[in-house]
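Data block below; observations after.
Values below: all heavy atoms of this structure, side chains included; hydrogens, waters and symmetry mates excluded. Letters A, B, ... are given to chains in the order of the sequence lines, protein chains preceding strands, and every chain is numbered from 1.
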Number of protein chains: 2
Amino acid sequence: MQTHFTIDCVILAFDEGQVKVLLAERNEYPYKDWWALPGYFVNKYEEMEDAVARILLEMTGLKDIYMDQLAAFAGVKRHPEGRILTVAYMALVQMDEVRNKIATGTNYMRQLKWFPVDELPDLAFDHKEILQLGLDRLKKSVSYSATPYELLPAKFTLTQLQQVYEALLNKKLDKRNFRKKINNLGYLKELNEFQKGVSYRAAKLYSFDKKKFMKMFSQD
Amino acid sequence: MQTHFTIDCVILAFDEGQVKVLLAERNEYPYKDWWALPGYFVNKYEEMEDAVARILLEMTGLKDIYMDQLAAFAGVKRHPEGRILTVAYMALVQMDEVRNKIATGTNYMRQLKWFPVDELPDLAFDHKEILQLGLDRLKKSVSYSATPYELLPAKFTLTQLQQVYEALLNKKLDKRNFRKKINNLGYLKELNEFQKGVSYRAAKLYSFDKKKFMKMFSQD
DNA sequence: TCAAAAGTGTTCGACATACACCCATGT
DNA sequence: ACATGGGTGTATGTCGAACACTTTTGA
């Protein structure tokens, strides 16, 4: 009637034109030496939101990241020692902001590493299933949402934005149609700045106007 | 590090032009005499899917109903005796099919009753929050989905279908536009049968062609 | 001058919206 | 005959899809 209770984190970022997930190499049985989603046990008197923040920090070094609940997984057989109920959370982060903050290792895991979601190693427990659920949900949340902007730096080019859409939706988009649509959204700010350090024509930078976005979608 | 673990069920149906939820009047402390979502504890070696089916049957008398996971709730303070993690599940049912199958009472609850979702009593624990999450998710799932048909009997009139959409979306729709759109969907079968027992022109009955629907939306 | 990516318009079909009247039936 | 809901068409605007060339820049 009682059960162990853990939280697992699906941390996704966009880098080199691909969606990547942060995985930990386990240093503990069971599944020692396997790759797994960062996660750990919840304490007895801990609120779930607090536990998510604590575990995220302890396991990855990241903090102040908004995590969305994905689902609960509770298969009796998912852990050799008996049922461990896990609640999976998901976050989208900007690679540039977190790249240098990622922890290097703890007692429980040897290292953390970003894997493109279409080049995954075998994962411990039912973590592949959990990740897949997260990716499916992500795909559904893309259109007319702030989702893509969570994966980009504050200033970005339209081509970068298009790449995020293409990676999330897993299909190519037409450049002209994409830009037309994006322009009509009304919550993109065109900056008077340009890309730097490229050996071709520098693209104009844009930013996401969160206030306008909120205003446009707050009534329902 | 261990916690109690329950399942709560959000059972929704459509009746008299309204979305209704099935609630149980508790006969146990805490929250004795309050209305609550039907739910109970999961057994130690029980798969979550099995537990959902068992609890649904024991608490409501219903079986063979597909339940979707909504979310996990685990506030330390949600239960006076300490943290009880609950996983909420949601199902849509057809009122005519279930009306006579609903249990009349158990040791744990005195009676079950359908409440229109906009005329709710106070609810035990955080059940209002759980229900609200279910309704929000339902609203999002309406367009181009099979959701509305799960709430209707096998044969229904277009006006009934429109009422379901209106109740779920919480706004009025234009009759002509609605019918045009519905006709273009391609997965509604027009039957050669008519409504009976009404004191005005009898409406034609339709049915939902699940096979066609599946075929149209299976590729992605 | 070349390579690489930035940037830009038009046409077409599909779909959402707005809107008002006659029809069939039971009492 | 009347009350009640059933059933129908047109015009307009918006949006997504298809499609190819010129411009800018650094090396």
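A straight line from CZ of B:Arg201 to C1' of D:dG5 spans 9 Å, rounded to a whole angstrom. Rounding to whole angstrom units, CZ of residue A:Phe194 and P of D:dG26 are separated by 12 Å. Rounded to a whole Å, the CG atom of B:Asp174 is 14 Å from the P atom of D:dG9. When the C1' atom of D:dG13 is taken as reference, atom CG of B:Asn177 falls 13 Å away, rounded to whole Å. Distance NZ (A:Lys196) to P (C:dA5): 21 Å, rounded to an integer number of Å. Put simply, CD on B:Glu166 is 14 Å from C1' on D:dG5, counting in whole angstrom units. Atom NZ of A:Lys181 and atom P of D:dA17 are 8 Å apart (whole Å). Atom CZ of A:Arg176 and atom P of D:dT22 are 12 Å apart (whole Å).
Between the side chains of A:Thr157 and A:Thr159, no donor-acceptor pair is found at a separation under 3.5 Å.
Of the listed nucleotides (D:dG7, D:dG5, C:dG7), D:dG5 has the atom at the smallest distance from the side chain of B:Tyr200.
Remark: aromatic rings of B:Tyr206 and B:Phe156 are distant, center separation not under 6.0 Å. Ring to ring, A:Phe125 and A:Trp34 are not that close: their centroids are 6.0 angstrom or more apart.
Comparing A:Lys180 and A:Lys204 against DNA chain C, the residue whose closest nucleotide sits nearer the 5' end is A:Lys204. Residue-to-nucleotide proximity on DNA chain D shows that, of A:Ser199 and A:Lys171, the 5′-proximal contact is made by A:Lys171.
Using a 4.0 Å cut-off between charged nitrogen and carboxylate oxygen, B:Glu166 and B:Lys172 count as a salt-bridge pair.
Under 4.0 angstrom from either OP1 or OP2 of D:dG6 there lies at least one side-chain N or O belonging to B:Thr159.
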